[in-house]
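Here's the structure, in C-alpha cells; my notes come after.
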Amino acid sequence: MVSTFPNPSTVDLSRLRLSIRSLQPQLVEWRRRLHQQPELGFQEKLTAEFVSQKLQAWGIAHETGIAQTGIVATIKGNKSGAEKVLAIRADMDALPIQELNEVPYKSQNDGLMHACGHDGHTAIALGTAYYLQEHRQDFAGTVKFIFQPAEESPGGAKPMIEAGVLKNPNVDAIIGLHLWNNLPLGTVGVRAGALMAAVECFDCKILGKGGHGAMPHQTVDSIIVAAQVVNALQTIVARNVNPLDSAVVTVGELHAGTKRNVIADTAWISGTVRFFSPELVGFFKQRIENIVAGVCQSHGASYDLNYWSLYPPVINDAGMAELVRSVAEEVVETPVGVVPECQTMGGEDMSFFLQEVPGCYFFLGAANPEKKLDYPHHHPRFDFDETALAMGVEIFVRCVEKFCG
Ligand code: NI
C-alpha cells in the first residue's frame with residue numbers, strides 16, 4: 001500500500017502540516033456524523049444545519065438557504081496583498097442506496113447512503129474553513145466556501161450560480177475535489193483541460209401498432225423497431241465521432257411488451273450520452289433524432305423523443321490545474337504521486353462553476369485495498385480511507401496560500 005503520509009523521520013513536517021494533521025480526529029468525527037445522516041439533493045437540511053453550526057461556532061460569516069439548502073461562507077485573510085478571491089466548492093448530498101457496510105457510523109436513514117464520498121467533501125471543506133479562520137494572518141484576499149446541494153442530480157451548482165454565489169465579492173477562481181476510489185490513497189489525479197464528461201440524457205417512446213403474435217402482418221412491431229434503433233445508436237460513436245475524441249452512447253433501459261403472444265404497440269428506450277469535447281454539444285441530440293426518425297419511418301412507426309443536457313463537461317483551466325498539481329506534489333510526496341491519467345466519462349456539475357470562472361477540479365485518491373476500502377463509488381459497500389481527509393485539507397490550504405498570497 002502507498003504510505004498515507006511521508007515518514008516523519010525523513011521529511012520535514014512543516015508547522016502547517018502538523019497543525020492540519022492534528023485536525024484528523026475532528027475530520028473523521030464530522031465525516032462519520034454526516035455519513036450517519038445522509039440526505040438526498042435539495043433535502044440536505046440536517047447536513048446544512050451541521051455545517052452552519054460549525055461555522056457559527058468558529059465565528060465564520062455565512063449565508064444559509066441558498067438554492068434551498070446551500071451555504072456560502074467567507075473568510076478574509078489578514079495579510080496584505082492582492083485582494084484575490086478563491087472559492088472552494090464541496091457537495092453535500094447522498095444517494096438512494098441501502099448501505100451494506102457494517103460499521104459503527106453506518107447510515108441511519110433507511111434506503112439512503114453517502115455512497116460517493118460527499119460526506120468527506122463536506123468534512124474537508126469544514127476542516128479547511130476551520131484552519132483558515134484560525135490562521136487568517138497567513139493569507140491575503142478572501143476564501144469563499146460553497147457548500148452545494150444536489151450534485152447527484154438534478155444539480156445544485158447552477159441554481160447557486162443563479163443565486164449569485166460567484167459575486168459580491170467576485171470570485172477570481174474556484175477549486176474543488178472528489179475523493180476517488182479509482183486512485184489509491186496517496187495519489188492525486190489532476191490535469192488541464194477535460195477531466196470529466198458532459199452528461200446528456202434521452203427518453204424515447206416508439207409507437208407501433210399492436211396485435212396478435214401470430215399475425216405480424218397486421219401490426220407495426222415496436223420491439224423490432226426499438227431493437228434496430230438500439231443497434232443503430234451504437235454507430236454514432238463508431239462511425240460519426242472522430243476516433244481521437246472519446247464518447248459513449250449507452251442505452252440503459254428498454255421496455256416493451258406484456259405477453260409472449262402479443263405484439264407490443266409501444267416500446268420505451270432511455271439512455272445517456274457522454275463526451276469531453278465542447279464542440280460536440282448539440283451533435284448527439286441531432287444525430288439520435290435522425291436515427292430514431294429514420295428507423296421509425298422505414299417501419300411505419302412514430303416516436304416521441306425527449307433529449308436534454310444535464311451537465312456540461314468539466315474543463316480545467318491550465319493555470320489553475322498547474323497550481324493544484326504543484327501543491328499536490330508537495331502534499332503527497334509518494335512514489336505514485338500526482339497523475340494526469342485520471343479522465344473519466346462520469347459527470348459532475350462542478351462544470352457549471354468552471355464555465356463561469358477559471359478553476360480546477362481534481363481527484364484525491366482514497367482507495368485502500370488492504371483495508372477493503374476500494375469498492376466503487378455508488379456501491380452499497382462504498383467507503384474510503386479517511387486518511388485522505390487531512391490530505392484534502394492540506395491541499396486546499398496550500399492552494400489558498402499560493403493563490404491568494
Ligand atoms: Ni460524487
Side-chain angles (χ1 to χ4, degrees), residues 30-32 34-35 37-44 47-48 51 67 69-70 88-99 101 107 109 112-126 145-160 174-183 185 187-191 194-199 201 272 274 310-316 324 342-354 359-367 373-386 388-389 391-392 395-396:
W30 303 334
R31 181 263 161 163
R32 292 186 177 189
L34 294 168
H35 191 86
Q37 52 174 47
E39 297 170 298
L40 293 177
F42 293 125
Q43 296 168 30
E44 304 93 337
T47 308
V51 170
T69 46
I88 293 175
R89 176 270 205 173
D91 43 8
M92 304 189 288
D93 57 322
L95 287 153
I97 293 173
Q98 180 69 41
E99 176 156 18
N101 289 317
S107 165
N109 294 347
L112 301 183
M113 179 188 175
H114 268 293
C116 199
H118 300 187
D119 47 350
H121 304 168
T122 305
I124 289 171
L126 276 175
F145 289 89
I146 299 174
F147 293 93
Q148 181 211 301
E151 187 284 319
E152 296 289 358
S153 81
K158 207 166 176 220
M160 283 200 94
I174 189 164
I175 52 174
L177 64 77
H178 206 302
L179 289 158
W180 208 232
N181 271 11
N182 298 305
L183 289 174
L185 180 71
T187 60
V188 172
V190 58
R191 58 177 291 123
L195 180 80
M196 300 180 80
V199 180
C201 310
T272 184
R274 310 296 172 101
L310 192 63
Y311 300 155
V314 173
I315 310 284
N316 284 335
V324 171
C342 55
Q343 277 181 309
T344 164
M345 301 310 279
E348 244 288 343
D349 74 346
M350 177 75 179
S351 51
F352 287 110
F353 290 113
L354 295 171
C360 179
Y361 194 58
F362 61 97
F363 295 126
L364 180 58
L373 297 171
D374 60 349
Y375 280 94
H377 293 258
H378 295 202
H379 189 282
R381 291 191 194 281
F382 173 81
D383 202 352
F384 60 86
D385 192 320
E386 291 166 323
L389 296 171
M391 300 174 86
I395 293 174
F396 277 160

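Just so you know, ligand 1 is whichever comes first in the structure, and atom 1 is the first atom listed for that ligand. Owing to the predicted nature of the structure, the values given are computational and were not obtained by experimental measurement. The analysis underlying the following values was restricted to heavy atoms, covering all of them including side chains, and did not include hydrogens, waters or symmetry mates.
A search for side-chain contact (heavy atoms from CB on, under 4.5 Å) contacts involving Ala48 returns Ile71, not counting sequence neighbours.
A salt bridge is absent between Arg381 and Asp383; no separation between the charged side-chain nitrogens and carboxylate oxygens falls under 4.0 Å. Contact check on Arg89 versus Glu348 returns a salt bridge, with a Lys/Arg side-chain nitrogen under 4.0 Å from an Asp/Glu carboxylate oxygen.
Taking the six-membered ring for Trp and thresholds of 30 and 60 degrees, Tyr361 and Phe363 have ring planes more than 60 degrees apart, a perpendicular arrangement. Between His377 and Trp180, the two ring planes are tilted [angle within 30° to 60°].
Checking side-chain atoms of Asn101 against main-chain N and O of Phe382 turns up a donor-acceptor pair under 3.5 Å.
Counting only distances under 2.8 Å, and ignoring water, the protein N, O or S atoms around the Ni ion (ligand 1) are Cys116 SG, His118 NE2, His178 NE2.
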